[in-house]
There are 2 protein chains.
Amino acid sequence: MNTSRRTAVDRRPSGRAPTIHDVARAAGVSKSSVSLAVRGQAGLSEATRSRILDAAQQLGYRSNVWARSLVQGRTGLIGVLLGDLGSSYHRDVTNGIEDAAAEQDIRLVIGHGRRDPERLRRELDSLLALGVEAVIVVSSWLPPQHLEAVAQRVPIVVVGRLPQEVPGVDTVANQDAAGARLAVEHLLSLGHRRILHLTGSSRTAAMHRRRAYSEVMRARVPEVGPQVEGPEHLDRAQAHLISQVLRGEGPTAVFTQNDRIAAELMGRCLDAGIRLPDQLSVVGYDSSSLCSVLRPRLTSIDQPRLTMGSLALRMAVERIAGKLGARAPDPAPRWTRPRAAPPWRLADDAGVHLRASGGGGPVSPSHRWGRA
Amino acid sequence: MNTSRRTAVDRRPSGRAPTIHDVARAAGVSKSSVSLAVRGQAGLSEATRSRILDAAQQLGYRSNVWARSLVQGRTGLIGVLLGDLGSSYHRDVTNGIEDAAAEQDIRLVIGHGRRDPERLRRELDSLLALGVEAVIVVSSWLPPQHLEAVAQRVPIVVVGRLPQEVPGVDTVANQDAAGARLAVEHLLSLGHRRILHLTGSSRTAAMHRRRAYSEVMRARVPEVGPQVEGPEHLDRAQAHLISQVLRGEGPTAVFTQNDRIAAELMGRCLDAGIRLPDQLSVVGYDSSSLCSVLRPRLTSIDQPRLTMGSLALRMAVERIAGKLGARAPDPAPRWTRPRAAPPWRLADDAGVHLRASGGGGPVSPSHRWGRA
DNA sequence: GCCGCAGCATGGAGCGTTCCAGAATCGTTC
DNA sequence: GAACGATTCTGGAACGCTCCATGCTGCGGC
């Protein structure tokens with residue numbers, strides 16, 4: 001039967017990784033002592049400890065995460081499910097998550113949804129199969145009922161705005177309404193009155209921005225009121241806007257739902273020979289890396305993406321600790337709001353601010369201004 | 001002693017997941033039979049199989065990946081270490097990897113280096129600790145000696161250009177030289193003679209591009225020859241270039257090492273009142289998402305990023321299969337080059353092409369052209 | 001001199017699987 | 001009816017680790 005085992009051993013990647021037994025033999029101690037030593041637990045003399053660690057070092061020993069988690073019943077893994085790679089938003093949120101994870105003994109596993117709800121689901125399943133103890137979903141595209149089902153197995157924190165509150169799912173979101181208000185107030189302060197809102201989505205975050213825009217417009221310029229284009233026929237709306245501007249009619253400023261739409265609009269305006277910002281001012285939302293690349297530079301609303309990420313991780317850790325019956329590892333920090341038990345949500349707790357395009361070419365109506 | 005176990009059980013996330021034993025008991029068979037059934041292996045009657053699967057379904061049983069990989073000695077995991085999230089390059093390469101992985105029974109684990117070699121190393125370690133069977137590194141920033149050390153434990157495929165050939169490490173790279181030649185030939189065909197090369201790096205890929213640029217310039221316009229600025233004092237070089245152009249002197253075209261630098265240059269030119277592309281033509285490298293956003297649109301060199309990703313995954317799988325002593329799963333495809341045994345590398349096998357800015361505003365010297 | 005008690009160190013059980021040798025069952029064939 | 005092979009099913013060992021009960025020292029106090 002030893003020979004039968006042999007074959008299994010031989011089938012594994014060359015030079016089979018050293019185990020706790022190998023280290024034990026090398027250091028002349030029992031496997032239990034090695035286990036204590038590598039985990040830095042008490043109950044060993046300094047002499048043996050260092051002897052063991054030396055041997056481990058020399059053999060290139062690394063503890064097998066799977067074996068450990070098998071016996072401990074936990075993995076120390078948190079899944080990060082990104083709606084998309086390749087966006088500065090997701091990068092920054094992820095960085096925030098990583099920074100917070102580095103403070104704890106938490107390992108992250110990143111999954112990638114490729115902007116596709118179906119793929120997002122599959123990736124979520126995949127993360128669960130890996131044994132993550134919680135999942136941070138940086139996307140609002142997962143269907144609520146699916147989220148709810150998964151949340152019964154494992155804590156879920158969503159960074160973004162879900163269409164509805166989901167039992168057992170915590171959320172972190174930026175203050176969309178406040179951001180939109182900032183944007184509109186900024187344009188108003190520049191003297192604009194006819195301000196258009198261009199939106200590409202009817203999802204929750206977009207609707208919050210749109211609603212706030214409308215409220216401000218109704219309150220501040222009742223004689224003009226809100227004018228929203230999109231999300232449907234967005235292309236045609238842009239074309240119409242451009243022809244208006246070329247005739248010297250229509251809006252003098254546009255607040256777009258996000259930077260991508262702003263960039264697209266700016267491109268089309270420039271193609272049509274419209275002078276930006278003289279003939280049209282544009283303000284975006286997200287403060288993406290596009291802002292400083294575009295000419296004229298784009299004024300946009302900045303979300304505290306790093307903070308949102310860190311927040312999400314801490315919430316996940318707290319949930320795990322709660323599930324495990326222990327108390328939260330940190331003394332509850334400022335943001336904790338230890339109010340209602342699950343389900344709870346923490347939204348709008350992350351501030352937002354306007355980042356006017358610094359430097360040479362701010363988007364403005366015919367005159368320059370400094371920083372907002 | 002049973003009670004002592006109890007506490008361990010109770011400490012684990014609520015409602016302890018059902019195991020193979022639970023299913024066995026429910027179906028009235030042995031755990032071995034359950035194992036066979038859930039893995040769809042032969043050796044069971046249809047009757048018992050379906051009875052077992054029903055029971056498993058009812059209990060919501062999911063096989064424990066850690067336990068499985070512990071006994072099988074393999075995880076089915078491949079690590080993807082990204083030099084950075086948030087770039088369209090990394091996204092596309094990752095998509096290519098994922099597409100190829102979907103065809104196999106491979107699960108991907110993504111790590112994130114944040115453009116920092118030190119962090120890259122830590123993430124690599126973290127992936128190894130997770131038990132990945134191979135790592136695809138989408139970055140050229142890891143020090144060769146470190147790569148070499150790790151490659152002894154697990155196959156490594158690098159997407160990018162390492163400073164030197166590393167034993168045991170496979171690489172996938174685009175044809176930097178061919179790409180650079182395309183770019184320069186393109187500008188020459190538009191009538192440019194004084195073409196500057198602006199580079200931001202002295203790393204390998206950049207050097208390949210730079211060298212190819214110089215060769216073409218020497219061969220095609222010997223009376224002008226190559227002129228390279230950067231990587232040091234890039235900022236000053238740009239300022240100088242702009243002042244030259246404003247005086248109607250200096251280069252009429254610039255080939256930049258990448259799109260980021262091209263975008264920066266274009267921004268500064270526009271800030272200075274230079275008309276693009278009338279006064280200066282710019283060609284970038286990468287065909288990033290910037291190209292279609294900028295005005296005028298940016299002509300750039302396109303790398304087959306998806307293909308490169310798929311290639312990398314197939315190479316990794318092949319390596320794993322080789323290490324495991326089995327033959328490659330697929331009949332060797334076109335690109336395999338089954339030449340030298342390890343170490344081998346496969347570079348420059350992924351084609352490259354110029355993507356001229358379509359539509360309205362191509363970067364050109366005073367006249368328009370169609371697609372290249 | 002013996003007891004008690006630290007402090008260290010250890011072997012064994014068990015985590016949830018897979019794998020394998022062998023047992024049990026069944027149907028054929030002589 | 002015995003012998004045999006094929007089919008179906010099973011228990012135990014092992015994977016690499018943690019945890020626990022227990023053993024072994026040596027030392028101070030009575």
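Every chain is numbered from 1, with letters handed out A, B, ... down the list of sequences.
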**Q** Which nucleotide, D/dC17, C/dT18, D/dT10, lies nearest any side-chain atom of A/Tyr61?
**A**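 Closest nucleotide to the A/Tyr61 side chain: D/dC17.
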**Q** Is B/Val65 touching bases, backbone alone, or none of the nucleic acid, heavy atoms closer than 4.0 Å?
**A**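 Since no nucleic acid heavy atom lies under 4.0 Å of B/Val65, the category is nothing.
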**Q** Provide, to the nearest angstrom, the distance between the CG atom belonging to A/Leu44 and the P atom belonging to C/dC8.
**A**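 Rounded to the whole Å, the gap is 8 Å.
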**Q** Counting the atoms with a prime plus P, OP1 and OP2 as sugar-phosphate, which does A/Ser32 contact under 4.0 Å by heavy atoms, base, sugar-phosphate, or nothing?
**A**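 Counting heavy atoms under 4.0 Å across all strands, the contact made by A/Ser32 includes a base.
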**Q** Within this structure, what is the CZ-to-P distance between A/Arg39 and D/dC19, rounded to whole angstrom?
**A**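 That distance rounds to 5 Å.
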**Q** Look at B/Gln72 and C/dC19 and indicate whether a side-chain polar atom (N or O) is within less than 4.0 Å of OP1 or OP2.
**A**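 Yes, B/Gln72 has a side-chain N/O under 4.0 Å of OP1/OP2 on C/dC19.
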**Q** Distance check: side-chain N/O of B/Ser63 vs OP1/OP2 of C/dT17, anything under 4.0 Å?
**A**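 The answer is no; no side-chain N or O of B/Ser63 sits under 4.0 Å from OP1 or OP2.
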**Q** When you measure from the side-chain N and O atoms of A/Thr48 to the phosphate of C/dA9, is any distance below 4.0 Å, counting only OP1 and OP2?
**A**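 For A/Thr48, the contact criterion (side-chain N or O under 4.0 Å from OP1 or OP2 of C/dA9) is met.
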**Q** Expressed as a whole number of angstroms, how long is the span from A/Asp22:CG to D/dC17:C1'?
**A**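 Nearest whole value for this atom pair: 13 Å.
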**Q** Assuming nearest nucleotide by heavy-atom distance, tell me which of A/Ala67 and B/Arg68 is located more 5' along DNA chain C.
**A**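 The residue closer to the strand's 5' end, by nearest nucleotide, is A/Ala67.
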**Q** Output the rounded distance in Å from CH2 (A/Trp66) to P (C/dG14).
**A**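 The distance from CH2 of A/Trp66 to P of C/dG14 comes to 25 Å, rounded to the nearest Å.
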**Q** Just checking, is any N or O donor in the side chain of B/Ser32 or B/Ser35 under 3.5 Å from an acceptor N or O on the other one?
**A**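 Result is no, nothing qualifies.
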**Q** Say whether A/Arg74 and A/Ser69, considering side chains only, have a donor N or O and an acceptor N or O under 3.5 Å apart.
**A**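 No, because no side-chain N or O of A/Arg74 sits under 3.5 Å from a partner of the opposite role on A/Ser69.
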**Q** Using a 4.0 Å heavy-atom cut-off across all strands, classify A/Ser33 as base, sugar-phosphate, or nothing.
**A**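 Base, at least one base heavy atom under 4.0 Å.
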**Q** Whole angstroms only, please: what is the CG-C1' distance between A/Leu70 and C/dT18?
**A**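 Rounded to the whole Å, the gap is 13 Å.
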**Q** Side chain of A/His21 only, heavy atoms from C-beta on: which candidate in D/dC17, D/dG12, D/dT18 is closest?
**A**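 Shortest atom-to-atom distance from the side chain points to D/dC17.
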**Q** Do any N or O atoms from the side chain of B/His90 and from the backbone of A/Leu85 form a donor-acceptor pair under 3.5 angstrom?
**A**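 Here the side-chain-to-backbone pair does not exist.
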**Q** Rounded to the Å, how far apart are A/Asn64 CG and D/dC17 C1'?
**A**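 That distance rounds to 7 Å.
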**Q** Hey, is A/Asp84 close enough to A/Arg114 for a salt bridge, meaning N to O under 4.0 Å?
**A**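 Looking at A/Asp84 and A/Arg114, the cut-off is not met.
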**Q** Provide, to the nearest angstrom, the distance between the CZ atom belonging to A/Arg49 and the P atom belonging to C/dG7.
**A**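 For the pair A/Arg49 CZ and C/dG7 P, the rounded distance is 14 Å.
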**Q** Looking at D/dC15, I'd like to know if its phosphate oxygens (OP1 or OP2) sit under 4.0 Å from a side-chain N or O belonging to B/Ser69.
**A**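 For D/dC15, OP1/OP2 do not have a side-chain N/O of B/Ser69 under 4.0 Å.
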**Q** How many Å lie between NZ on A/Lys31 and C1' on C/dT10, as a whole number?
**A**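 These atoms are roughly 8 Å apart.
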**Q** Between the side-chain atoms of A/Ser30 and the base atoms of C/dG11, is any donor-acceptor pair under 3.5 Å?
**A**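 No, the side chain and the base share no sub-3.5 Å donor-acceptor pair.
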**Q** Would B/Glu98 and A/His112 count as a side-chain hydrogen bond (donor to acceptor under 3.5 Å, both in side chains) if you check the C-alpha gap in whole Å, the side-chain angles of each, and the deciding distance to 0.1 Å?
**A** CA-CA 9 Å; B/Glu98 284 171 344; A/His112 175 200; 3.0 Å; yes
